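Below: the structure, in structure tokens.
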Amino acid sequence: MNENEKHIIHKLKRESDKINPRKEFSIELEEKLTQRFSGKRRKNPVSILLTCSLASLLFFILLISSDILPMMGQATITNDPEILIYHTHNSESFSPELEGLVRGSDRPDNAFHDEVNVTKVGEFLREQLEEKGVGVIHDKTNFQEQLVEKNLNYEHSYELSRDMVYDILSENDQIKIMFDIHRDAIDKKYTTTMIDDKEVARIVFTISADDPNCADNRQFAESLHERAEEMYPGLSRGVLCKKNTLGNIENYNQDLLDQSVLIEIGGYQNSFGELNQAAEYLAEIVTEYLKEEKPS
């Protein structure tokens, strides 16, 4: 598959993100379309061509959104997800992407948006991992909207995300890794580096010192950092071990899984281009980690 074809696939996947048909429906649709256009009735050739094109496009979008796609020779996606990606602070956004959308977005405390935010970076990371055959659940719950609905302060975000994480882990006991993706609020000079003559957002791995699984999670985070240093020197800003200073933050939900880490990808002054490049590199690092961890 060439780069142009990959771009088309990614674009269609993004556009069809909300479409989630059952596998049985997709198969039934394929059969009906085949029957519909295999008849011998005479029709206007232009009409046939137009109808077939529209039907093919619809069917292709449905396939992208279903689990039939791996059968068509695209990237293999494992049936059982190994990684959970979510965003406790889902509305965290980036100043370069908010011009004309948010007044004063050049300040970190204003760089927030309901749609143009860090969840798009998480979605790109999911795509990169799935292309490499890694099964992923990407949860895009709007916790900030829930805070407003429940009249809670921003500091209570982790209480809301914890409920979601617990439910997903309870239903998917094969998940091995959990990433809570954020962006930092510090200046771009600290969150950006040059790799292969390209500006790339830097990443930092954060773990909670108050977590009962702290030792395991720290080892996991340091392993990812070390691989990042080997593969893309300068990409990682290192591993931060934070002590809880606000009682209601608890431990970033890291007690729920022993390979959990909060990842800051870039900062509020980075662009999606820089962020996605970092996510692409991170996907390669995580994939290599999984390969080395799996028994031979």
Side-chain angles (χ1 to χ4, degrees), residues 13-21 65 81 83-127 129 136-172 175 177-186 201 203 206 208 242 244-257 260-272 275-276 279:
K13 287 173 74 176
R14 288 194 297 270
E15 293 297 325
S16 62
D17 185 60
K18 295 183 179 180
I19 303 175
N20 187 27
S65 305
I83 297 177
L84 168 61
I85 297 173
Y86 70 103
H87 311 271
T88 296
H89 295 156
N90 61 278
S91 63
E92 289 180 333
S93 191
F94 311 93
S95 297
E97 308 298 334
L98 295 179
E99 293 182 13
L101 294 176
V102 176
R103 181 178 299 177
S105 63
D106 57 332
R107 298 193 300 272
D109 54 343
N110 288 338
F112 292 86
H113 197 273
D114 284 341
E115 297 179 1
V116 183
N117 55 44
V118 71
T119 61
K120 291 187 178 294
V121 182
E123 183 65 9
F124 187 81
L125 176 60
R126 178 192 67 80
E127 292 174 357
L129 286 166
V136 179
I137 291 178
H138 180 208
D139 183 88
K140 292 181 278 188
T141 300
N142 190 336
F143 298 113
Q144 309 316 300
E145 185 177 70
Q146 290 185 11
L147 287 176
V148 174
E149 293 173 352
K150 298 182 179 183
N151 196 28
L152 296 174
N153 294 328
Y154 191 69
E155 290 78 11
H156 291 269
S157 300
Y158 286 96
E159 296 175 20
L160 299 179
S161 65
R162 185 178 184 84
D163 291 338
M164 177 278 298
V165 168
Y166 183 84
D167 289 342
I168 289 181
L169 293 180
S170 297
E171 297 171 2
N172 300 273
I175 289 178
I177 292 172
M178 190 163 70
F179 293 141
D180 187 3
I181 306 294
H182 295 244
R183 61 100 172 122
D184 216 328
I186 59 178
I203 60 180
T206 301
S208 169
K242 287 189 175 181
N244 183 6
T245 57
L246 295 174
N248 52 4
I249 284 184
E250 298 183 357
N251 50 38
Y252 308 128
N253 304 323
Q254 291 175 1
D255 61 310
L256 299 178
L257 195 68
S260 304
V261 63
L262 185 156
I263 304 180
E264 306 261 14
I265 301 184
Y268 76 102
Q269 293 177 321
N270 287 108
S271 68
F272 277 138
L275 297 157
N276 287 345

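Predicted, not measured: the structure shown is a model, and the values here were computed from it.
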Carboxylate-amine/guanidinium contact Glu123 Lys140, below 4.0 Å: yes
Met178 side chain near Leu169 side chain, heavy-atom distance below 4.5 Å: yes
Heavy atoms from other residues, nucleotides or ligands near CD of Glu115 exceed 12 (cutoff 6.0 Å): no
Trace of the side chain to side chain contact (heavy atoms under 4.5 Å, CB included) decision for Val121 with Phe94: CA-CA 11 Å; Val121 182; Phe94 311 93; 4.1 Å; yes
Distance in Å, Leu125 CG paired with Ile85 CD1, rounded so as to fall on 0.5 Å steps: 4.0 Å
Side-chain ion pair, Asp255 and Arg162, N-O less than 4.0 Å: yes
From CG (Asp114) to CD (Gln144), nearest 0.5 Å: 9.0 Å
Side-chain donor-acceptor contact under 3.5 Å, Thr88 with Asp180: yes
Non-hydrogen side-chain atoms of Leu152 and Leu160 separated by less than 4.5 Å: yes
Inter-residue atom distance Ile203.CD1 - Ile263.CD1, 0.5 Å rounding: 6.0 Å
Heavy-atom side-chain contact between Lys242 and Leu262 under 4.5 Å: no
Heavy-atom side-chain proximity of Ile83 to Leu129 below 4.5 angstrom: yes
Interatomic distance, Gln254 atom CD to Tyr158 atom OH [nearest 0.5 angstrom]: 8.5 Å
Spacing of Asn117 atom CG and His182 atom NE2 [to the nearest 0.5 Å]: 12.0 Å
Crowding at CG, Asp109 (>12 non-hydrogen neighbours, <6.0 Å): yes
Criterion side chain to side chain contact (heavy atoms under 4.5 Å, CB included) on Ile137 and Ile168, from CA distance to verdict: CA-CA 9 Å; Ile137 291 178; Ile168 289 181; 4.0 Å; yes
Donor-acceptor under 3.5 Å (Asn270 side chain, Gly267 main chain): yes
Asn253 and Ser161: side chain donor to acceptor below 3.5 Å: yes
Positive for ring-ring contact (aromatic ring centres under 6.0 Å, His included) with His89, one of Tyr154, Tyr268, Tyr252: Tyr154
Expected output: side-chain Asn153 to main-chain His156 donor-acceptor under 3.5 Å: no
Donor-acceptor contact below 3.5 Å, side chain Glu92 vs main chain Arg183: yes
Worked check of ring pair (Phe, Tyr, Trp, His ring centres under 6.0 Å) between His138 and Phe179: CA-CA 10 Å; His138 180 208; Phe179 293 141; over 10 Å; no
Taking every non-hydrogen atom, the tightest pair across Pro96 and Gln269: CG-O, 3.3 Å
Side chain to side chain contact (heavy atoms under 4.5 Å, CB included) assessment of Thr141 paired with Asn90: CA-CA 8 Å; Thr141 300; Asn90 61 278; over 6 Å; no
Donor-acceptor under 3.5 Å (Asn110 side chain, Gly104 main chain): yes
Pair Val118-Ile265, side chain to side chain contact (heavy atoms under 4.5 Å, CB included): steps then yes or no: CA-CA 9 Å; Val118 71; Ile265 301 184; over 6 Å; no
Ala111 to Ser95 - nearest heavy-atom pair and separation: CB-OG, 4.2 Å
Distance (rounded to the nearest 0.5 Å) between Leu98 CG and His113 NE2: 6.5 Å
